[in-house]
Amino acid sequence: MSLESLKERLEAKTGCKLEIVENPSVSAQHSLLVQAKDAVAVATLLRDDEGYNYCSNVTGVDRPAREVSEKVKVMKLVEGVETEVEETQKRMTAAYLEVVYHLFSMTKHKYMVVLRMRTLDREARVHLPSLTPVWRSAEFQEREVYDLYGVLFNGHPDLRRILMWDEFEDFPMRRDYVEPDDYEYEPTAHDAVLRKTNAHWAEAGEGEVGQ
Amino acid sequence: MSTFSAPAMELTPKPSYAADGAQLLEVSMGPQHPSTHGVFRMDVALDGETVVKLKPIFGYLHRNHEKLGEDQSYIASMPYTDRLDYFCSMTNNWAYALAVEKLAGIVVPERAEYLRVITAELTRLQNHTSLVGFLMQDMGASGTPLMYAFREREKILDLFESLSGARMMCNYMRFGGCRVDLPKGWQQQAQSVVDAYPKFLDEFEALLTSNEILMARTQGVGALSSELAIAAGITGPMLRASGVNYDLRKVDAYGIYDRFQFRVPLGDHGDVYDRCMVRLLEMRESLEILKQALRDLPEGPIQDPKTKVRNFKPKPGEAYGRIEAPKGELGFYLISDGSANPYRFRVRPPSLINLTILEDLCLGRNIADVVIILGSVDIVMGEVDR
Amino acid sequence: MMDEALKQELRKQGIVATTLQELYNWGRRNSLWPLNFGLACCAIEMIATTMARYDLARFGAEVFRPSPRQADLMIVAGTITKKMAPQVVRLYNQMPEPKYVIAMGACAISGGPFKQGYNVLKGIDRYIPVDIYIPGCPPRPEALIDGFMALQRKIEGQTITGEGRPDFMKDEPSCDFVVPEFAAHDLLPTSNQGVWEAPQLVNITTAEKPGTVKA
């Protein structure tokens with residue numbers, strides 16, 4: 001059962017547009033990217049018609065904007081003649097939060113489908129539909145994604161912080177999260193700790209240590 | 001950091017009332033409670049002794065495994081996996097190694113596969129043994145069954161210690177194999193433990209399973225239907241106690257599990273008694289696997305020589321690897337961006353997801369049943385909160 | 001104080017001479033009641049210590065009390081997260097005097113392997129005083145027993161009069177330790193200043209190595 005045929009069947013039944021995200025690693029676990037507005041319909045179809053009744057893993061991924069340089073071929077006037085020249089261009093990728101669902105079947109078959117949804121950005125438009133009404137097992141895991149990444153799931157029955165306390169305001173698994181500065185002591189040879197310790201003491205005006 | 005507002009949360013809950021207008025008693029069970037198996041908390045509302053609301057509260061042991069995993073190299077996360085489900089370090093190691101092996105396409109030599117099966121099944125034995133002991137403790141059989149269980153567990157921990165150097169935090173497996181080969185005489189020692197185990201199980205079962213008090217406390221308590229179990233993603237012995245035949249050792253046949261003859265015990269009613277019995281029967285099947293594995297253990301290398309230890313950088317991509325841990329499906333989801341650290345390091349914790357239906361099982365039961373229902377789920381907080 | 005030689009001589013004759021202080025300490029050190037309180041991995045080794053093979057009952061400390069009101073020893077066995085820290089301090093406040101704390105394992109001492117976690121408290125001694133530190137991840141049951149014996153020696157050496165008497169025997173009432181509160185980014189306060197101060201920072205690469213003699 002190939003992912004392409006599954007995609008075609010789902011597209012024919014729902015009339016929505018799905019995209020296959022290639023996975024270049026040897027595991028070859030390619031995934032289906034679904035638009036937020038179609039997610040519940042696609043998920044219900046996957047559960048009822050395709051037998052994916054078991055949602056194993058739900059997780060968030062933070063994708064902040066990063067600079068990529070790519071080689072682009074452009075037409076340029078070189079010595080009065082228009083020729084094709086390769087040029088390196090830098091651009092910023094889109095920033096978004098991603099939620100990944102790993103689906104299996106407990107009773108029918110043993111294929112896996114990876115379903116992905118993306119938010120529009122990382123700041124204000126972080127709403128995604130909740131798939132908890134389709135798979136109950138997503139309940140705590142979506143709460144966790146909200147807690148650690150700040151994705152807001154529309155239609156989730158009980159969207160509260162699950163691991164951190166309620167008064168907490170940050171989303172600690174985001175890649176730009178800055179943790180509280182409590183590295184007062186014990187600079188070790190471990191690079192990351194050493195960096196944090198130095199930053200702390202530079203701020204306190206004590207100079208660097210343990211270089 | 002962000003500009004949007006979180007959904008409104010009720011920080012000061014109002015008192016709740018039963019249908020007849022009586023005010024409900026709200027009890028916070030945990031985080032320090034002798035029967036919550038760690039720092040787990042349940043907010044329970046009681047009408048008399050009957051549970052009318054139960055909200056689990058997590059995070060008291062949230063040790064940031066996933067954040068730490070993203071900040072360090074792949075191999076540096078291996079000792080951390082020991083501390084996820086701290087009863088079962090061997091299976092945690094295996095699940096993580098399996099996910100990385102899928103990500104990087106590493107082949108494991110045959111002897112290492114056998115060693116993995118042997119250590120994983122020993123882990124399953126000691127986990128189920130202690131769980132049954134703890135469950136008896138929760139029922140009020142204070143001390144004695146747990147002492148029996150820990151006596152047997154120590155024998156297995158001795159094996160782990162002579163193999164890996166540590167009783168609990170074994171840190172034994174590596175990508176593409178295992179860290180060290182068996183010490184001299186280990187196989188005979190393991191064989192004698194495996195041979196003596198059925199006698200202990202007979203004794204344990206004779207004392208417990210037909211015990212009238214145990215049957216009265218557990219039969220029909222916390223029954224879980226197979227439909228709800230599938231929908232809520234319950235895995236492991238808890239799922240099989242509800243009659244769903246889903247064991248990843250059979251379904252995925254990861255490693256070399258297709259070479260062994262063993263049966264998958266299934267329950268009928270999905271109640272606490274069935275969960276207990278399924279675990280006792282699973283131990284017998286684990287012993288069968290162990291006998292075959294110790295008999296067939298081949299000679300050979302224990303580590304794939306092509307796998308780099310230092311500067312290990314898998315190609316960009318992602319992989320989800322899962323195994324049948326003693327508590328259920330333990331999965332690792334890794335995203336690589338081609339650097340030495342994983343871009344995303346996610347643990348799929350069976351204990352957390354098995355708690356999804358805790359409220360459904362406890363509603364309408366007595367508060368005393370909550371304790372044994374929670375005990376029969378088999379949670380370890382290190383894995384629930386990570 | 002009675003002469004030690006005379007005391008030994010009397011003991012040979014079947015006469016036991018002792019002081020109230022000795023009797024008091026002897027009774028306390030052999031009947032420690034730990035709080036039934038497991039946090040993480042170390043708790044399993046703590047349970048294993050009470051079980052058949054290691055048998056903590058030999059040291060008079062096998063009765064783990066589920067209530068802090070009945071306990072006089074808190075074994076902080078495992079990682080203290082920031083979410084759990086207020087509860088740990090509150091439990092300590094609820095224990096009656098005299099009370100002791102064993103920090104079991106690397107996490108309770110300093111945060112251990114999880115020190116870099118955003119939700120991990122870097123050592124319980126930031127909020128409550130600790131009597132015995134037991135390193136290890138997790139410490140073996142033998143190590144816990146050794147820590148127990150060290151605590152027993154510590155209790156044995158306590159005086160009940162004079163300047164060296166414990167805080168709870170002084171006239172001023174023993175203070176309650178501050179329970180941290182959850183704030184938007186971290187706990188407040190981040191440490192109890194009366195109990196803990198940041199250790200002096202030492203540059204480990206330029207500091208003199210202990211035991212080296214300057215030429």
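Here the structure is a predicted model, which is why all the values come from computation and not from measurement. The sequence lines fix the lettering, A, B, ..., with proteins before strands; numbering per chain opens at 1.
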Go through the steps to decide whether Asp131(C) and Ile102(C) satisfy the test side chain to side chain contact (heavy atoms under 4.5 Å, CB included), and finish with yes or no. CA-CA 6 Å; Asp131(C) 294 280; Ile102(C) 291 181; 6.0 Å; no
Salt bridge Lys155(B)-Glu152(B), side-chain N to carboxylate O under 4.0 Å: yes
Side chain, backbone, both or neither: which part of Tyr60(B) has a heavy atom under 4.5 Å from chain C? both
Please state whether the side chain, the backbone, both or neither of Leu68(B) comes within less than 4.5 Å of a heavy atom of chain C. side chain
Basic-acidic side-chain contact under 4.0 Å: Glu161(B), Arg140(C): yes
Between Leu84(B) and chain C, with a heavy-atom cut-off of 4.5 Å, which part of the residue counts as in contact: side chain, backbone, both or neither? neither
Taking the side chain as C-beta and beyond, is there a heavy-atom pair between Phe59(C) and Thr49(C) under 4.5 Å? no
Within residues 77-90 of chain C, the residues sitting under 4.5 Å from chain B by heavy atom, in sequence order, are Thr79(C), Thr81(C), Lys83(C), Met84(C), Gln87(C)
Which answer fits Phe134(B), side chain, backbone, both or neither, if we ask what part of it has an atom under 4.5 Å from a heavy atom of chain C? side chain
Short side-chain donor-acceptor distance under 3.5 Å, Asn127(B) and Lys327(B): yes
Contacting region of Leu91(C) [heavy-atom separation from chain B under 4.5 Å]: side chain
Against chain C, work out which of Gln32(B), Met147(B), Arg63(B) has the most heavy-atom pairs shorter than 4.5 Å and name it. Arg63(B)
What residues, two or more places apart in sequence or in another chain, satisfy ring pair (Phe, Tyr, Trp, His ring centres under 6.0 Å) together with Tyr148(B)? none
Ion pair check, Asp85(B) and Arg386(B), cut-off under 4.0 Å: no
When the 4.5 angstrom heavy-atom criterion is applied to Ala48(C) and chain B, the contacting part is both
Tell me yes or no: between the side chains of Asn93(B) and Asn171(B), is some donor less than 3.5 Å from an acceptor? no
If we ignore angles and hydrogens, is there a donor and acceptor under 3.5 Å between the side chains of His185(C) and Tyr118(C)? no
Looking just at side-chain N and O atoms, do Arg124(B) and Thr91(B) make a donor-acceptor pair shorter than 3.5 Å? no
Donor-acceptor pair, distance only, cut-off 3.5 Å: does the side chain of Gln21(C) make one with the backbone of Ile160(C)? yes
Part of His33(B) within contact of chain C (heavy atom distance under 4.5 Å): neither
Residues passing the salt bridge (charged side-chain N to carboxylate O under 4.0 Å, His left out) test with Asp55(C), sequence neighbours excluded, are none
Please check if any side-chain donor atom of Tyr133(C) sits under 3.5 Å from a side-chain acceptor atom of Asp125(C), or the reverse. yes
Which residues, numbered in order, of residues 26-37 of chain C come under 4.5 angstrom of chain B by heavy-atom distance? Leu35(C), Asn36(C), Phe37(C)
